[in-house]
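Reading through the C-alpha cells given below for one structure.
Hydrogens, waters and symmetry mates are skipped; everything else that's a heavy atom, side chains included, is used. Here is the naming used below: chain letters follow the sequence lines, and residue numbers restart at 1 for every chain.
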Protein chains: 2
Amino acid sequence: MIKITTKIRYAIRLLIFLAQHEGEMVFLKDVSEKENISFKYLEQIIPYLKNSGLILSKRGARGGYILAKKPSQITIKEIVQSIEGPIAIVECVASSEYCNRSNNCVPNKLWKKLNEQISDTLETITLEDLMLNRISMEVS
Amino acid sequence: MIKITTKIRYAIRLLIFLAQHEGEMVFLKDVSEKENISFKYLEQIIPYLKNSGLILSKRGARGGYILAKKPSQITIKEIVQSIEGPIAIVECVASSEYCNRSNNCVPNKLWKKLNEQISDTLETITLEDLMLNRISMEVS
DNA sequence: ACTATTCATATGGTTTTAGTAGGAATTGAA
DNA sequence: TTCAATTCCTACTAAAACCATATGAATAGT
Ligand code: FES
Ligand code: FES
C-alpha cells in the first residue's frame, strides 16, 4: 500500500514541536506528553534525525533537543529521507540494476514520474510552512 | 514507506498485456509466462479486476480474459483502487473520524495535498498512455 | 549522592506482503 | 462421453515491515 508510516508522522510532529520552541532545549518527555506519542518510540526516532543533522542534543539533566537548522531550511523530504533513505516507490526507479527489464519496461516511466512528483512536492515544503500552516492545496 | 506493491505492478502489467492483445481472449498462462509472473499469484489478482469491471472472463477450455473497456478508458487510479480501495496515504485524509485532531492538526494538510496529488496523477494516466509509452516527465 | 535526561540495544506482537498449494467448476473439442 | 484446458475458490505459510515496549548504561546538572 501507499502509506506514510507513523515513524515519519511522529518525526514531523516532533520537529514541528521543536520549531515552535525554537531556541529552547526541549525535553522528549514534553513532546511525548503534549503530542501524545510513546516516549520510548520517540527515542527510537531521534537517532535518524540526529544523524541527518536535523537536530542537536544535549545529554544529562537539563539536556534536551533543539533544531540544528532554521525551520525554513528543513524540508519534509529531508525528514522523510533521514528515516527511510532515498525515496523510491519501487526499487526500479532508484537502481536500474535491481530491475531486469527497466529499459524496455513500460510501467517504469510511470513509477519514475510519480516518484519524482512525490519527491518534488516534499522538497518544496519546509518545516516553517507546516508551522505557519502555509500549505496551499493548489497544484504547484 | 511509500511503496507500490507487487500486486499493483503485476495487475498493471497484466492489463497492459491484455491491452496489447485487444479483442483476443488471453490465457493467464500466457501472461504468466511472457511477463514472468507467478501464475498462482496472478490468479489471486484477477478477482479484484473483475469485480471492478476492468476485465471480463470466459471459463473452460479456450476461455480466458479480455478488457472490459477500451485502454483509453482505464485509468491507473482505477487499477490501484480496484486492488487497494480508496487511495489514502494516511487514514486521516479519508475519514476525519479516524483522527482525533485533524481539525487543528498541522501535518494533515500536507498529507491531504500529497494524497490528492498522487490521486490526480494516477487518474490522468490511462492504460493506453502506458501501452503507447505516452508518459511525459514534465509536471502536468 | 541524587535526579533527570539522552543513548544504546534487545525483544515481541501484529499486520502486510508475496507468494504456494490443492482442488472444484466450467467449457470446448476429440 | 470423455478428456484436457481453463477459470474459480479458498486455505495456508514464510518473511518482512510496522509499531511499539523494556531494560539499563552513560552523562550532566544541582
Ligand atoms: S522491471 Fe523495473 S519497473 Fe518494470
Ligand atoms: S491527527 Fe490526523 S493528520 Fe494529524
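- In this structure, B/Lys7 NZ and B/Ile12 CD1 are separated by 14.5 Å, a value rounded to the nearest 0.5 Å.
- Side-chain contact of B/Lys113 with A/Thr121: a donor-acceptor pair under 3.5 Å is absent, judged by distance alone.
- Within the 4.0 Å cut-off from OP1 or OP2 of C/dT20, at least one side-chain nitrogen or oxygen of B/Ser38 is found.
- Backbone-only engagement by A/Phe27 is indicated by non-hydrogen atom pairs under 4.0 Å involving sugar-phosphate atoms exclusively.
- Between B/Ile4 atom CD1 and C/dT17 atom P there is a gap of 11 Å when expressed in whole angstrom units.
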At a cut-off of 3.5 Å, list every protein nitrogen or oxygen paired with a nitrogen or oxygen from nucleotides 24-30 of chain C, distance to 0.1 Å.
residue : atom : partner : partner atom : Å
C/dA25  : N3   : B/Arg59 : NH2          : 3.2
C/dT26  : O2   : B/Gly60 : N            : 3.4
C/dT27  : O2   : B/Ala61 : N            : 2.9

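- Taking atom CG of A/Asn51 as the reference point, atom P of C/dT6 lies 16 Å away to the nearest angstrom.
- Between the side chain of A/Gln44 and the base of D/dC19 there is no donor-acceptor pair of N/O atoms closer than 3.5 Å.
- Axis orientation changes by 0° from one end of the helix from C/dA1-D/dT30 to C/dA30-D/dT1 to the other, with each end axis drawn from 5 pairs and the value rounded to 10°.
- If A/Thr6 and B/Ile46 are placed on DNA chain D by their nearest nucleotide, the residue sitting closer to the 5' end is B/Ile46.
- Ion pairing of B/Glu78 with B/Lys69 is present here, as a side-chain N (NZ or NE/NH1/NH2) and a carboxylate O approach within less than 4.0 Å.
- In this structure, the CD atom of B/Glu35 is 18 Å from the C1' atom of C/dG19, given to the nearest Å.
- Out of D/dC8, D/dA20, C/dT17, the shortest distance to the side chain of B/Tyr65 is found at D/dC8.
- C/dC7 atom P lies 12 Å from atom NZ of A/Lys40, rounded to whole Å.
- Residue A/Lys29 has its side chain nearest to C/dT5 when only C/dT6, D/dA20, C/dT5 are considered.
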